[in-house]
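Here is the structure we will look at.
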Amino acid sequence: MTSTPAQAPIAIVSAMHAELAALLEAMPDEAPVRLAGRDFWCGHLGGQAVVAVLSGIGKVAAATTAALLLERFGARAVLFTGVAGGLAPGVAVGDVVVATELLQHDMDASPLFPRWEVPLYGRARFAADPALAGTLAAAAARALAEPHATLGAEAVAEFALHRPQVHRGLIVSGDRFVATQAESEALRQALPEALAVEMEGAAVAQVCHDFGTPFAALRTISDRADDSAHVDFQRFIDRVASHYSLAVMMAWLGMQR
Ligand code: SAH
């Protein structure tokens with residue numbers, strides 16, 4: 001596929017269908033291109049050319065998806081939107097985290113390389129594009145100021161949601177669903193700056209770094225990465241996170257014109 005820079009789409013990626021369901025419904029002219037077992041939904045949202053895709057879960061699935069978005073679809077920016085476990089104190093279920101940088105918490109080639117450093121990259125952390133992350137955080141603050149308006153009163157009551165706080169900082173990724181108090185505590189000890197943990201973001205950040213393409217990530221906190229992390233996980237995505245993703249992306253796309 002060839003695309004001139006003016007037509008180059010913005011890529012919007014989630015790991016799982018439920019995370020992107022509301023957004024896909026809002027793309028009227030979406031047409032799927034099937035590649036490597038994934039559907040790339042090419043269409044328009046908020047007047048902008050968009051390619052939306054489900055990466056699947058985990059770092060390898062995310063990296064494959066990102067490489068295809070950049071190489072085959074010529075994406076001019078990549079935005080990841082999904083859910084994550086809250087790590088830092090004060091990062092509560094229903095809050096939103098926008099990454100300033102991302103790290104693979106399960107990368108460890110020590111003693112050959114410092115813990116977490118990606119060998120031969122000379123770095124452990126990959127920065128989100130500051131301008132993109134800044135506008136994404138602004139869009140989140142604007143779109144989520146009134147959760148009742150986005151979700152309806154029922155969902156707000158069911159999940160005891162307050163006005164979501166938008167946090168900005170380090171997101172860590174690894175091929176583990178962190179679902180015990182012991183494991184999340186170990187991550188907090190090792191990486192006290194980490195706000196949230198998920199399974200894809202740092203991989204996409206690394207691929208975007210390789211291609212020199214701007215990347216940003218937004219995660220709604222679905223759980224606290226503790227022993228009850230799996231409880232209501234799916235329902236939270238369906239009722240809350242999916243709608244937050246759509247609201248924030250629409251606000252962000254509106255800011256691009
Ligand atoms: N229940 C799902 C599996 C979810 S895996 C199923 O059965 O298909 C968790 C997904 O949500 C990943 O894509 C990850 O990025 C994110 N996530 C949310 N909370 C997480 C946590 N506590 N630890 C790791 N990833 C988490």
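Since this is a predicted model, take the numbers as computed values, not measurements. First listed ligand is number 1; within each ligand, the first listed atom is number 1.
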Residues [X] and [Y] bridged, charged N to O under 4.0 Å:
X	Y	value
R163	E146	no
R125	E193	yes
R219	E200	yes
E183	R176	yes

Between [X] and ligand 1, which residue portion shows a heavy-atom distance shorter than 4.0 Å: side chain, backbone, both, or neither?
X	value
E19	neither
Q234	neither
A84	backbone
S184	neither

Residue, atom name and distance, where the atom is the protein heavy atom closest to atom 13 (O) of ligand 1: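 For atom 13 (O) of ligand 1, the nearest protein heavy atom comes out as E200 OE2, 2.7 Å.
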Distance from atom 23 (N) of ligand 1 to nearest protein heavy atom, with residue and atom: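 The closest heavy atom on the protein side is V178 N, 2.9 Å.
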Ligand 1 contacted by S222 (non-hydrogen, < 4.0 Å):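 True for this residue.
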Contacting atoms of ligand 1, where contact means under 4.0 angstrom from a heavy atom of A15: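 Ligand 1 atoms under the 4.0 Å threshold to A15: 13 (O).
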Protein non-hydrogen atom found under 4.0 Å from atom 19 (N) of ligand 1: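 Yes, there is one.
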Contact (N/O only, under 3.5 Å) between A225 and ligand 1: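 There is no such contact.
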Ligand 1 N/O within reach of I57 N/O, cut-off under 3.5 Å: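 N/O-N/O distance below 3.5 Å does not exist for this pair.
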Expected output: side-chain D39 to main-chain P32 donor-acceptor under 3.5 Å: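 A pair under 3.5 Å: no.
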Pair R224, S184: side-chain N/O donor-acceptor within cut-off below 3.5 Å: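 On atom types as modelled, these side chains do not qualify, holding no pair under 3.5 Å.
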Considering only distance and modelled atom types, tabulate donor-acceptor pairs under 3.5 Å from the side chains of residues 80-96, sequence neighbours left out.
residue : atom : partner : partner atom : Å
T81     : OG1  : S245    : OG           : 2.5
D95     : OD1  : Q165    : N            : 3.1
D95     : OD2  : A92     : N            : 3.1
D95     : OD2  : H167    : NE2          : 2.8

Heavy-atom proximity to atom 1 (N) of ligand 1, best of F233, F177, F80: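 The option holding the nearest heavy atom is F233.
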Pick from I237, D223, T180: the one approaching atom 22 (N) of ligand 1 most closely through a non-hydrogen atom: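 The option holding the nearest heavy atom is D223.
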